[in-house]
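What follows is a short report on a single structure.
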Amino acid sequence: MIELEGLTKRYGEKVAVNNLSFTVRPGIVTGFLGPNGAGKSTTMRMILGLDHPTAGDVRIDGKHYQQLKDPLTYIGALLEAKAWHGGRTAYNHLLCLAQSNGIPRSRVREVLETVGLTAVAKKKTKGFSMGMGQRLGIAAALLGDPRILMFDEPVNGLDPEGIHWIRTLMKSLAAQGRTVFVSSHLMSEMALTADHLVVIGQGRLLADTSMADFIARNSRSYVRVRSPQRERLLDVLHQAGLVAVESGDGVLEVDGGKAEHVGELAAQHGITLHELSPQQASLEEAFMRLTAESVEYHAHSETSPEPPGQRWGDGWKRG
Ligand code: ADP
Ligand code: MG
């Protein structure tokens with residue numbers, strides 16, 4: 001278990017992490033989602049004691065990282081992709097780590113096997129591809145057989161096979177009862193991996209929710225309908241108790257309605273339809289709306305912010 005309590009980090013004027021409080025629990029994969037610059041890596045570095053909080057506290061199974069004896073046996077982490085000490089072999093790299101952390105030598109072969117690097121164990125790491133480097137980083141995280149694992153954007157730069165492998169690994173680690181905390185800036189990635197979701201933007205907590213809840217609340221289904229008799233259609237829909245909103249270009253979105261129902265209503269009243277299609281709002285869209293105000297650099301004009309009423313409210317923010 002990882003517990004954050006009012007965790008805050010300032011760099012001069014910049015507040016990178018702003019009063020974050022949440023708990024990462026065992027037995028599930030917890031996704032840590034936020035746009036680039038949201039403060040994910042800074043938070044993870046503070047969990048590992050690599051950065052000192054300006055305020056607040058973070059504990060691993062009730063202790064600060066520095067208080068852990070042989071910390072690699074409590075928590076293993078893959079931080080941002082880094083250049084490897086090229087002169088060493090994968091085997092020797094892991095052996096050095098094991099020897100300096102009170103981990104039995106036999107673990108080296110085990111983790112090399114787990115990450116699929118056995119065949120290249122005696123090769124120097126400077127020839128490693130990005131994917132092999134990530135696997136070696138994960139082998140290092142697993143070396144101490146820790147109950148807690150943390151991965152910072154582990155799928156960045158990987159090919160589809162590598163991405164699939166990492167997803168499967170994280171799920172199996174959680175299924176073994178371990179605590180798995182993984183960051184990403186991609187909602188689509190989290191939707192496939194995480195059971196629980198912590199969303200941050202500009203260092204602040206935006207959501208702390210189960211994935212199932214997030215999906216239920218954000219995968220709005222609606223019917224897209226276009227008609228040259230828009231006003232009349234609106235009346236008919238209204239009388240039938242359906243809520244329709246205009247989404248521009250003369251398109252109406254009928255919330256929660258069935259396409260069949262809308263089509264039959266239109267036919268009964270002799271209304272011509274030019275389009276009738278069932279739709280599902282994407283999770284990516286929900287994430288973008290949630291974090292819209294906290295993204296540092298917008299592609300569109302900064303002078304026309306979205307009206308507050310259109311944002312997904314704090315309805316599902318907990319904690
Ligand atoms: P993320 O991992 O979510 O992309 P980071 O934690 O890397 O975000 O960064 C959060 C913010 O803190 C960014 O605005 C970044 O520029 C800033 N930041 C991170 N590390 C430093 C540092 N060592 N000095 C100054 N600013 C930093
Ligand atoms: Mg980062």
Side-chain angles (χ1 to χ4, degrees), residues 2-24 29-58 60 65 75-84 130-131 133-134 136-138 140-141 148-158 162-163 166-167 170 180-194 196-209 211 214 283-284 286-299 302 317 319:
I2 309 171
E3 293 161 291
L4 287 73
E5 189 69 53
L7 196 67
T8 300
K9 180 70 186 182
R10 286 175 188 276
Y11 294 110
E13 289 289 283
K14 172 92 199 168
V15 187
V17 173
N18 195 346
N19 196 25
L20 277 189
S21 301
F22 60 87
T23 299
V24 187
V29 176
T30 299
F32 192 30
L33 182 66
N36 285 327
K40 303 180 295 296
S41 297
T42 305
T43 301
M44 288 181 154
R45 283 199 308 271
M46 287 193 282
I47 292 171
L48 294 175
L50 297 172
D51 246 341
H52 293 286
T54 310
D57 201 16
V58 55
I60 296 155
Y65 189 89
I75 180 167
L78 173 79
L79 293 182
E80 283 154 294
K82 56 178 173 232
W84 294 101
M130 174 111 186
Q134 287 294 78
L136 182 56
I138 289 168
I148 305 176
L149 287 140
M150 196 163 75
F151 303 105
D152 194 6
E153 309 250 6
V155 305
N156 269 6
L158 292 190
I163 292 174
I166 286 192
R167 277 185 203 139
M170 287 190 295
V180 181
F181 190 43
V182 54
S183 76
S184 177
H185 61 281
L186 297 173
M187 179 71 231
S188 51
E189 185 51 41
M190 295 284 86
L192 289 169
T193 320
H196 194 87
L197 197 58
V198 172
V199 186
I200 65 167
Q202 288 197 350
R204 280 180 300 139
L205 187 71
L206 297 176
D208 180 356
T209 174
M211 198 65 204
F214 184 89
L283 293 178
E284 208 70 50
F287 168 55
M288 275 161 60
R289 286 192 196 220
L290 178 66
T291 56
E293 64 181 31
S294 64
V295 172
E296 284 189 318
Y297 307 103
H298 289 272
E302 295 276 339
K317 173 175 159 182

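For the single chain, residues carry numbers from 1 onward in sequence order. Keep in mind that this is a model prediction, so the values were computed, not measured. Atoms considered below: every heavy atom in the structure, side chains included; atoms not considered: hydrogens, waters and symmetry mates. We count ligands from 1, going down the list as the structure has it; atoms in each ligand are counted the same way.
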Item to check | Atom pair CG/OG1 of N19 and T54 - distance to nearest 0.5 Å | outcome: 11.5 Å

Next on the checklist: With a 3.5 Å distance limit and no angle check, can you tell me whether T8 reaches the backbone of G6 through a side-chain donor-acceptor pair?
Outcome noted: yes

Checklist entry - Is there a heavy atom of G39 sitting under 4.0 angstrom from any atom of ligand 1? => result yes

Checklist entry - Does an N or O anywhere in T43 fall below 3.5 Å from an N or O of ligand 1? => result no

Checklist outcome for this item: The number of protein N, O or S atoms lying under 2.8 Å from the Mg ion (ligand 2) is 1

Checklist entry - Rounded to the nearest 0.5 Å, what separation is found between the CG atom of N18 and the NZ atom of K9? => result 13.5 Å

Checklist entry - Should R45 be listed as contacting ligand 1, given a heavy-atom distance under 4.0 Å as the test? => result yes

Next on the checklist: Checking the side chain of K40 only, and the main-chain atoms of F32 only, is there a donor and an acceptor separated by less than 3.5 Å?
Outcome noted: no

Item to check | Atom pair CG/OG of L50 and S41 - distance to nearest 0.5 Å | outcome: 11.5 Å

Next on the checklist: Just verifying a value: how many Å separate I2 CD1 and I47 CD1, rounded to the nearest 0.5 Å?
Outcome noted: 4.5 Å

Next on the checklist: I'd like to check the ring-ring contact (aromatic ring centres under 6.0 Å, His included) partners of F287; sequence neighbours left out, ordered by chain and number.
Outcome noted: none

Item to check | Closest to atom 4 (O) of ligand 1 among G37, A16, G34 (heavy-atom distance) | outcome: G37

Checklist outcome for this item: Checking heavy atoms under 4.0 Å, the part of K14 that sits near ligand 1 is side chain

Checklist outcome for this item: Closest to atom 2 (O) of ligand 1 (heavy atoms only, candidates A38, S41, S183) is S41

Next on the checklist: So, using side chain to side chain contact (heavy atoms under 4.5 Å, CB included) as the criterion, who are the partners of V155 when residues are at least two apart?
Outcome noted: I163, I166, E189

Checklist entry - Relative to the heavy atoms of N36, which atoms of ligand 1 are at a distance of less than 4.0 Å? => result 4 (O)

Checklist outcome for this item: Here the ring-ring contact (aromatic ring centres under 6.0 Å, His included) pairs for residues 37-56, sequence neighbours left out, are none

